Amino acid sequence: MQHRIIVLGAGYTGAIAAGRLAKRLHREDVAITLVNAEPDFVERVRMHQLAVGQDLKLRPFGQMFAGTGVELKLAKVTDVDVDRKTVAVRDVLDANGAEELEYDTLVYALGSGWNDQGVPGAAEHAHEIAGRPGALQLRERLARLGAGQPVVVVGGGLTGLEAATEIAEARRDLAVVLAARGGLGDWLSPKGRRHIRKVFDKLGITVHEHTAVTGVEADRVVTADGKAIPAAVTVWTTGFAVHPIAQATTLETTGTGQIVVDGTMRSVSHPDVYAIGDAAMAMGPGDKPLRMSCASGTPTAWQAADAIAARLTGAKLPNAPLRYFNQCISLGRKEGLIQYVTADDRAVRSALTGRFAAVYKELVCKGAAWGVANPMLGMPTRRRRVVRERARAGSAV
């Protein structure tokens with residue numbers, strides 16, 4: 001009997017994990033099912049580009065996983081029962097197509113969406129770019145704006161910096177504003193901060209530093225000190241919230257709904273469940289939680305897939321380095337910043353700036369997408385046979 005592996009979510013982490021499992025395990029011994037609500041891969045790190053009108057390359061999962069042995073199921077996950085080891089899904093093309101899937105090993109990679117932080121009016125009036133639907137809605141809204149109208153980006157993190165500069169570069173006729181709770185790029189090195197300010201000045205972006213937004217209205221945002229900043233469009237980039245399904249299960253989760261995992265990305269409460277990417281509370285160097293990002297998600301996907309394969313085949317458990325090397329920030333299409341960091345993500349003095357950094361970031365994005373689009377990584381497969389006793393016992397071995 002085949003060992004049933006279900007991967008929930010086909011973002012960077014889920015798609016990488018499914019392909020890596022197919023590469024590691026013998027096709028006769030496992031049945032790998034990848035569940036996703038969309039038929040093609042979404043390059044989440046490019047949503048700010050999509051929002052300003054740039055067209056992204058379509059990457060259909062049907063083509064990506066053809067011949068790999070991975071079964072793609074286009075469905076929305078509606079429930080997970082980790083005690084019965086089942087997943088309830090609904091076919092995206094058939095409203096009546098409800099189904100329950102059974103698994104022996106579950107890889108939970110449902111990721112995250114935007115987080116309105118509970119700020120009044122944000123959900124009703126702000127736009128988000130955490131996914132394709134939100135980016136496309138913002139795209140339509142920006143296209144209708146006339147010259148001189150104000151666009152306020154709330155949030156001074158990586159997503160906020162990228163969104164503000166992308167909009168300002170693509171629409172030089174708009175008045176782009178960034179509202180940041182802290183200082184502009186205050187986590188970066190001095191060189192990095194100087195470059196951010198230089199690019200913002202060049203693009204004419206107005207910055208409100210140390211400004212907490214406490215309310216969003218149709219035509220303005222309101223700050224903690226009672227000021228109003230005019231906004232024909234508000235773009236909300238203040239962080240991410242994980243998919244709520246995990247917190248509704250008996251899995252051990254954090255207060256934010258992330259699944260608590262060990263060093264192999266296996267749930268500490270349910271050993272037949274693995275969590276990767278934004279869905280996982282994984283610890284990195286210095287015993288610090290990994291931040292929600294593609295940079296964190298990819299190595300967790302490698303670690304989980306290789307750990308599952310090792311446990312099923314009796315091989316040595318892997319030890320992928322869950323660490324950081326740099327933060328890659330696009331500042332429009334012509335400028336960028338590569339901030340080198342310590343293993344636990346603290347900025348060091350070294351940084352790359354300008355056109356070379358923009359090219360560097362573009363190569364990183366293309367490389368990440370290529371890794372997803374080529375599940376076998378263009379290399380010969382090394383599929384191992386599953387040890388039958390372990391398959392019957394499940395991945396809890």
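Everything numeric here is computed off the predicted structure, so don't read it as measured data. Residue indices begin at 1 and follow the sequence shown. Computation of the quantities below employed the complete heavy-atom set of this structure, encompassing side-chain atoms and omitting hydrogens, waters and symmetry-equivalent molecules.
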**Study point:** Working for side chain to side chain contact (heavy atoms under 4.5 Å, CB included), residues E169 and L331
**Key:** CA-CA 9 Å; E169 181 187 81; L331 302 170; over 6 Å; no

**Study point:** Cluster link V92 to I245, ILVMFWY, side chain under 4.5 Å
**Key:** yes

Review point. Is it true that D272 and R311 have a side-chain N and a carboxylate O under 4.0 angstrom from each other?
Key: no

Check your understanding: If only atom types and distance count, is the side chain of R220 paired as donor or acceptor with the main-chain N or O of A232 below 3.5 Å?
Key -> no

Check your understanding: Atom CZ in R171, atom CG in L142: separation rounded to 0.5 Å?
Key -> 7.0 Å

Check your understanding: Is the shortest distance from a Lys or Arg side-chain nitrogen in E99 or R90 to a carboxylate oxygen in the other one below 4.0 Å?
Key -> no

Practice item. For the pair D29 (side chain) and R385 (backbone), establish whether a donor and an acceptor sit closer than 3.5 Å, ignoring hydrogens and angles. Key: no

Check your understanding: Are side-chain heavy atoms of V176 and T206 found at a separation under 4.5 Å?
Key -> no

Point to revise | Contact check, side chains of I308 and L21, non-hydrogen atoms, under 4.5 Å | key: yes

**Study point:** side chain to side chain donor-acceptor pair (under 3.5 Å) between W302 and T300, worked out
**Key:** CA-CA 5 Å; W302 295 340; T300 65; over 6 Å; no

**Study point:** Intermediate values then yes/no, side chain to side chain contact (heavy atoms under 4.5 Å, CB included), L101 and V35
**Key:** CA-CA 10 Å; L101 310 176; V35 181; 4.1 Å; yes

Practice item. Indicate yes or no: does R4 engage E102 in a salt bridge with an N to O separation below 4.0 Å. Key: yes

Check your understanding: Quick one: CH2 on W114 to NE2 on H127, what's the gap to the nearest 0.5 Å?
Key -> 9.5 Å

Point to revise | Short side-chain to backbone donor-acceptor contact, Q303 and M265, under 3.5 Å | key: no

Practice item. Give a yes or no on whether Y103 and V70 share a hydrophobic cluster (residues Ile, Leu, Val, Met, Phe, Trp, Tyr; joining criterion: side-chain heavy atoms under 4.5 Å apart). Key: yes

**Study point:** Point-to-point distance, once rounded to the nearest 0.5 Å, from CZ of R20 to CZ of R24
**Key:** 4.5 Å

Check your understanding: Quick one: SG on C294 to CG on L158, what's the gap to the nearest 0.5 Å?
Key -> 12.0 Å

Review point. Would you call E100 and R84 a salt bridge, using N to O less than 4.0 angstrom?
Key: yes

Exercise for review: Considering non-hydrogen atoms only, spot the tightest contact between D278 and S293 and give its length.
Suggested key: OD1-N, 3.3 Å

Point to revise | side chain to side chain donor-acceptor pair (under 3.5 Å) between E28 and Q2, intermediate numbers included | key: CA-CA 7 Å; E28 294 180 4; Q2 288 181 310; over 6 Å; no

Review point. What's the verdict on salt bridge (charged side-chain N to carboxylate O under 4.0 Å, His left out) for R193 and D186, showing C-alpha distance, side-chain angles and the deciding distance?
Key: CA-CA 7 Å; R193 293 195 298 272; D186 56 6; over 6 Å; no

**Study point:** Same apolar cluster: L72 and V87, side chain cutoff 4.5 Å
**Key:** yes

Practice item. State whether E162 and K361 are salt-bridged, where the test is any N-O pair (Lys NZ or Arg NE/NH1/NH2 against Asp/Glu carboxylate O) under 4.0 Å. Key: yes

Point to revise | Any V107 side-chain heavy atom under 4.5 Å of T13 side chain | key: no

Exercise for review: From the options L106, L34, T86, select the one residue that forms a side chain to side chain contact (heavy atoms under 4.5 Å, CB included) with I6.
Suggested key: L106

Review point. Are L178 and V154 linked, directly or through other ILVMFWY residues, by side chains that come within less than 4.5 angstrom of each other?
Key: no

Check your understanding: Regarding R59 and the six-membered ring of F61, is the cationic atom NZ or CZ under 6.0 Å from the ring centre and inside 45° of its axis?
Key -> no

Check your understanding: Are any of the side-chain nitrogens in R291 or D345 under 4.0 Å away from the carboxylate oxygens of its partner?
Key -> yes

Review point. Under the criterion side chain to side chain contact (heavy atoms under 4.5 Å, CB included), which of V153, L161, T165, V151 is the partner of I205?
Key: T165

Review point. Rounded to the nearest 0.5 Å, how far apart are CG of L93 and CG of D91?
Key: 5.0 Å

Review point. Ion pair present between E209 and R181, side-chain N to carboxylate O less than 4.0 angstrom?
Key: no

Point to revise | Side chains of H26 and V386 in contact at under 4.5 Å (non-hydrogen atoms) | key: no

Review point. Would you call R132 and E43 a salt bridge, using N to O less than 4.0 angstrom?
Key: no

Review point. Within a strict 4.5 Å, meaning less than it, do heavy atoms of the V341 and V348 side chains meet?
Key: no

Practice item. Might you work through the side chain to side chain donor-acceptor pair (under 3.5 Å) test for S296 and Y324, ending with a clear yes or no? Key: CA-CA 8 Å; S296 304; Y324 298 99; 2.5 Å; yes

Check your understanding: So, T234 versus W236: side-chain donor-acceptor pair below 3.5 Å or not?
Key -> no

Exercise for review: Establish whether L136 and V45 are linked, either directly or via other cluster members, by ILVMFWY side-chain heavy-atom contacts under 4.5 Å.
Suggested key: no

Point to revise | Heavy-atom donor-acceptor pair, Q258 side chain to A280 backbone, under 3.5 Å | key: yes

Review point. Which heavy atom of A130 sits nearest a heavy atom of G113, and at what distance?
Key: CB-C, 3.9 Å

Study note, to complete from the structure: Output for pair (I129 CD1, L50 CG), nearest 0.5 Å, gives 9.5 Å

Practice item. For D83 and T250, test the side chains for any donor-to-acceptor distance below 3.5 angstrom and give the result as yes or no. Key: yes

**Study point:** Residues E335, K198: salt bridge by 4.0 Å N-O rule
**Key:** no

Check your understanding: Under the side chain to side chain contact (heavy atoms under 4.5 Å, CB included) criterion, do T78 and V89 qualify, and how do the steps go?
Key -> CA-CA 5 Å; T78 57; V89 301; 5.7 Å; no

Practice item. Might you work through the side chain to side chain contact (heavy atoms under 4.5 Å, CB included) test for L56 and M47, ending with a clear yes or no? Key: CA-CA 9 Å; L56 306 181; M47 290 300 97; 3.9 Å; yes

Review point. Looking only at atom types and distance, does a side-chain atom of Q149 sit under 3.5 Å from a main-chain N or O of G146, one as donor and one as acceptor?
Key: yes

Practice item. Mind running salt bridge (charged side-chain N to carboxylate O under 4.0 Å, His left out) on K76 and E38 for me, showing each step along the way? Key: CA-CA 9 Å; K76 180 179 180 181; E38 297 190 66; over 6 Å; no

Review point. Is N326 reaching over with its side chain to a backbone N or O of I338, donor-acceptor style, under 3.5 angstrom?
Key: no

Exercise for review: Answer yes or no: is there a donor N or O on one side and an acceptor on the other, between the side chain of D81 and the main chain of K85, under 3.5 Å?
Suggested key: no

Review point. Does the side chain of H48 come under 3.5 Å of the side chain of S330 through a donor N or O and an acceptor N or O?
Key: yes

Check your understanding: Under a 4.5 Å cut-off applied to non-hydrogen side-chain atoms, are Q339 and S189 in contact?
Key -> yes

**Study point:** 4.5 Å side-chain heavy-atom contact, E217 and E124
**Key:** no

Point to revise | Any side-chain donor near an acceptor of the partner, W187 and Q327, under 3.5 Å | key: yes

Practice item. Using a strict 4.0 Å threshold on nitrogen-to-oxygen distance, state whether R346 and D344 make a salt bridge. Key: yes

Point to revise | Donor on one side chain, acceptor on other, T105 and H3, under 3.5 Å | key: yes

Point to revise | CZ/F325: more than 12 non-hydrogen atoms of other groups inside 6.0 Å | key: yes

Review point. Side-chain contact, heavy-atom cut-off 4.5 Å: V222 with V213?
Key: no

